[in-house]
Amino acid sequence: MSFITEIQTFKSLSIVGLEKNTGKTVCLNYILKRLPLQFSVAVTSIGIDGESKDQVTGTFKPEIILREGTIFSTSESYYMRRQLLSELLEITDERSSLGRIVTAKVLRQGKVLLSGPSSSQALARWIDNVSKYGAKLTIVDGALSRLSSASPVISESLILTTGAAYSADMATLVRRTKFIVELVRLDKACEKVCTAFYEKEKGVWGLDLDGNIIDFQIESSLTIDKIKEDLTERTVAVFIAGALTDRFLEFICNSKRVGEIEIVVGDFTKIFVSEELYRVFRKKGGRLSVLRTSKLIAVCVNPTSPRGIVLDSDILCKKMHEAIKVPVYDIVKNVDSV
Amino acid sequence: MLFREILDIPCGIRFMLENLNLQSSYSRNLLLHSPMMVVKEDIERTYSILSSCYSRLYSDGGANTSSSLAALKHRLMGLRDITGTLGRLQRGVILDDVDLFEIKYTAILAGYVREAVYNMELEGVDIPDLGKVISVLDPDGMLIESFYVYDSYSKELGRIRADIRGLQGLSNPTGITQDRLLELLEKERLLERDIRENLSAILKNHITEIKAAMDAMGYLDLLLAKCLQIKTIGLCIPAVSGDSTTQYRGMFHPYVVHLYEKENTTATHKKTFQPIDIKFGIESLSIIGANMGGKSVVLKMTALNQLLFQFGFGVAAQNAVIDIKEEIRLCIGDDQDLHSGLSSFAGEVKAIDDVIKRINVGEKMLALIDEPARTTNPIEGTALVTALLDILRGKNLSLLLTTHYNISGDFFRRLRVRGLVDGKMDYTLVETTEGEIPQEAINVARSLGVDELWLTKAEQILKT
């Protein structure tokens, strides 16, 4: 199954870059161009995107090209600067830093700057709302170095972009990307655990052998210092509704039963732990799982960084693929071979 | 006085606003900026519309209208404040696509709401017909809310766009075709600008109707919300008094009832609110009675109902006949004065002084004063309250004050809270001529279960 075909089996897709200039927008344009003509798409971006020049490094960035029939959402001021013919469908109540978000349908292809809803909740609402215009797939052009827009709460599938801008050393680049991919592909917790914790929106919770849910009475993993007892003593699983932090994972690592319990988080975007600590945790037999998973469709690499570093595309793709076992593409270079 | 200016009066009016199920923030703004009604005809007309709308919507339990009402309310959620756009139009600015979309959207919404109002036979709501505005912005007669500068606005525009499509469709564009494409895109841009300019000029003639339609939809939203509030809280439609008397039967305080209901969901001992009857004219009235006898609540709900009445809301009573006032003052002596650096006594006397000044200007006032001079010694306190009642005699004022002081004299009416009956508080207000105030503080304290030694000692002191 080619990755364009696979994308069409999902209702929503997020494209997230691990760093600026990793080819996120090229990837989005590539997908938009190759989806079948009759396949209707809605697209937006979290925060500012589609700039013709990168606001930080001043380097060239490709604009987003939309073809006839595509539904898109952007801020009011970017809508005025569009270089395409479109029919304005809706002014939403959502606001971005650049004004209200408007939704329109492309009547004649052209370029546009995208700047959609700026929070995850607003994005989830956007996906829900835009479905009324008949789009089979909604694509979120995610924020750079912010994985939150790729949460399974927002979209079913994702594409990661990485490259020399993320790390100029190929081995480091592969290792760091592999770690992220590992988190994205964490196993879903078993049905019993999912049922126990699905509705919990905040706090830290446990599940004991008899299936009883224990409230540890702490607000988040940040306030772990308040806990004197060993969380792992009575439990088979510990669920953190908010973010999983280094401090919390260290706390678990220091407990005797680290190998016998399962740590559970909502999804991979809730994990904020260092690779080193995660490896220690795993080595001690620790298990980490999620309530909601997201399908990682592909990893796209850009071997060129704005500082002028160029890695060998073929070797990078090969090494990356060996490490992560997910289709890897250099879209900028191998546009036609994908 | 505007509605937003009464929100800080501590009588529960903010609760009534929060409880109002408005669909659009535009309607909320209309309400906040609406003035208090002081003309009899205005209030009567308002209640006549409210009453007719209420019976149309809920007289049969709402069965006939509930689905169309839900659909109408859903539509009203789309009412937006486009006064900014109308302001630009007025100033002669050429509107952009977003502005034109907003006007078209509002015009189509007005058309829908107008039809719904007609079908639901709601009286007193007149949404202007914006058919002309719609036809300007919907040249193809599609009646959909979306907008762009349609091909049908100009034959030339249609031709240019067709040419652009043709050039964009070429698989191998040459340099010449690229130049030609850029030229056509520029022509299209200029033509679109001319069309927008023309549309703006036409729409400028309809600003008044568009604004009127927005306001009418806002008032409709408000009307529907007031009707729902009457139903859910159990409010009544009051009558306007013809003889300067105000009379409530079964008056209650919606916020206190709400608090009781909330407590009752968990409490074993269920609380119920005992409604109160009260009647007063242009006169001074002192309310005496035990602590915890609900005297302050009587003042608050009288203030609340007077405000609800003059802003055309349902009133919290079984039935009510209310006299119109030009000024409503509630001096509850809360600690708000801390912020202005005044002591509680200073804050209180200054507030009362303000009432005296306004009365002397000749405004028809309802003044509700809770335990004036209570923070000073009883000797001077009694003198101050007696003097206050005396100097306000014969003024164009309905004065209700509560007090624990013994005020002698027969130049004002007295109401007494019936008080503890068989250990239970009876909040009924009864007419009394005695100046002697009831001494029930110790009994009330005892019912609260406070230290017995303290209370027994106090009783001994009283006897000696």
Side-chain angles (χ1 to χ4, degrees), chain A residues 29 32-34 37 40 42 44 63-96 98-116 125 128-130 132-135 336, chain B residues 23-26 77-82 84-85 93-106 108-109 137-140 142 144-153 157-158 160-170 173 181-182 184-189 191-193 195-196:
Chain A
N29 275 333
L32 290 172
K33 197 171 173 186
R34 275 161 184 77
L37 278 174
S40 56
T44 193
E63 287 170 296
I64 288 162
I65 301 160
L66 300 180
R67 68 184 186 202
E68 197 175 323
T70 307
I71 308 291
F72 67 98
S73 290
T74 190
S75 66
E76 209 173 331
S77 56
Y78 280 3
Y79 187 75
M80 293 309 157
R81 288 157 60 182
R82 71 200 184 282
Q83 294 173 49
L84 44 71
L85 183 64
S86 60
E87 179 175 21
L88 186 50
L89 301 174
E90 188 179 355
I91 300 174
T92 69
D93 291 328
E94 308 287 356
R95 282 190 160 271
S96 80
L98 295 158
R100 294 177 297 179
I101 309 292
V102 304
T103 300
K105 184 178 187 175
V106 180
L107 298 176
R108 189 184 67 225
Q109 71 159 41
K111 295 171 185 173
V112 72
L113 306 165
L114 291 183
S115 169
R125 280 197 296 274
D128 203 36
N129 179 48
V130 87
K132 70 183 174 208
Y133 298 115
D336 298 319
Chain B
Q23 308 303 312
S24 160
S25 58
Y26 184 74
M77 284 168 80
L79 174 61
R80 289 170 194 278
D81 185 355
I82 65 161
T85 297
V93 175
I94 300 175
L95 298 186
D96 59 35
D97 279 12
V98 173
D99 292 329
L100 293 167
F101 171 88
E102 285 199 309
I103 292 178
K104 182 178 178 186
Y105 182 91
T106 304
I108 290 180
L109 179 68
L137 295 170
D138 188 23
D140 301 330
M142 311 270 282
I144 46 172
E145 291 139 356
S146 60
F147 180 79
Y148 72 108
V149 178
Y150 296 94
D151 292 8
S152 40
Y153 280 126
L157 183 66
I160 291 173
R161 283 177 175 170
D163 288 350
I164 293 172
R165 276 205 182 83
L167 290 175
Q168 278 186 337
L170 292 177
L181 184 60
L182 288 177
L184 286 173
L185 286 169
E186 179 60 13
K187 265 191 177 173
E188 182 196 31
R189 195 183 65 78
L191 208 51
E192 281 184 3
R193 189 189 170 281
I195 292 166
R196 287 192 195 98

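Within every chain, numbering begins at 1; the chains are lettered A, B, ... in the order of the sequence lines, protein sequences first and strands thereafter.
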Approximate separation, where rounding is to 0.5 Å, of [X] [atom1] and [Y] [atom2]:
| X | Y | atom1 | atom2 | value |
| --- | --- | --- | --- | --- |
| B:Ile160 | B:Ile164 | CD1 | CD1 | 7.0 Å |
| A:Leu114 | A:Leu66 | CG | CG | 6.0 Å |
| B:Leu184 | B:Leu191 | CG | CG | 11.5 Å |

Which portion of A:Leu85 sits near chain B, non-hydrogen atoms under 4.5 angstrom: side chain
Atom CE of A:Met80 with >12 non-hydrogen neighbours under 6.0 angstrom: yes
Heavy-atom pair with the smallest gap, counting every atom of A:Ile64 and A:Asn29: CA-OD1, 3.4 Å
Closest contact, heavy atoms only, A:Ile71 versus A:Leu89: CD1-CD1, 4.1 Å
A:Ile65 side chain near A:Leu32 side chain, heavy-atom distance below 4.5 Å: no
Which portion of B:Ile144 sits near chain A, non-hydrogen atoms under 4.5 angstrom: side chain
Taking only distance into account, so ignoring hydrogens and angles, what donor-acceptor contacts under 3.5 Å exist between chain A and chain B?
residue  : atom : partner  : partner atom : Å
A:Arg82  : NH2  : B:Asp97  : OD2          : 2.9
A:Glu87  : OE2  : B:Ser146 : OG           : 2.6
A:Leu88  : N    : B:Phe147 : O            : 2.8
A:Leu88  : O    : B:Phe147 : N            : 2.9
A:Ile91  : O    : B:Arg80  : NH2          : 2.4
A:Asp93  : OD1  : B:Arg80  : NH1          : 3.1
A:Arg100 : NH1  : B:Glu102 : OE2          : 2.7
A:Arg100 : NH2  : B:Glu102 : OE2          : 3.4
A:Leu107 : O    : B:Arg165 : NH2          : 3.1
A:Arg108 : NH1  : B:Glu188 : OE2          : 2.9
A:Arg108 : NH2  : B:Glu188 : OE1          : 2.8
A:Arg108 : NH2  : B:Glu188 : OE2          : 3.3

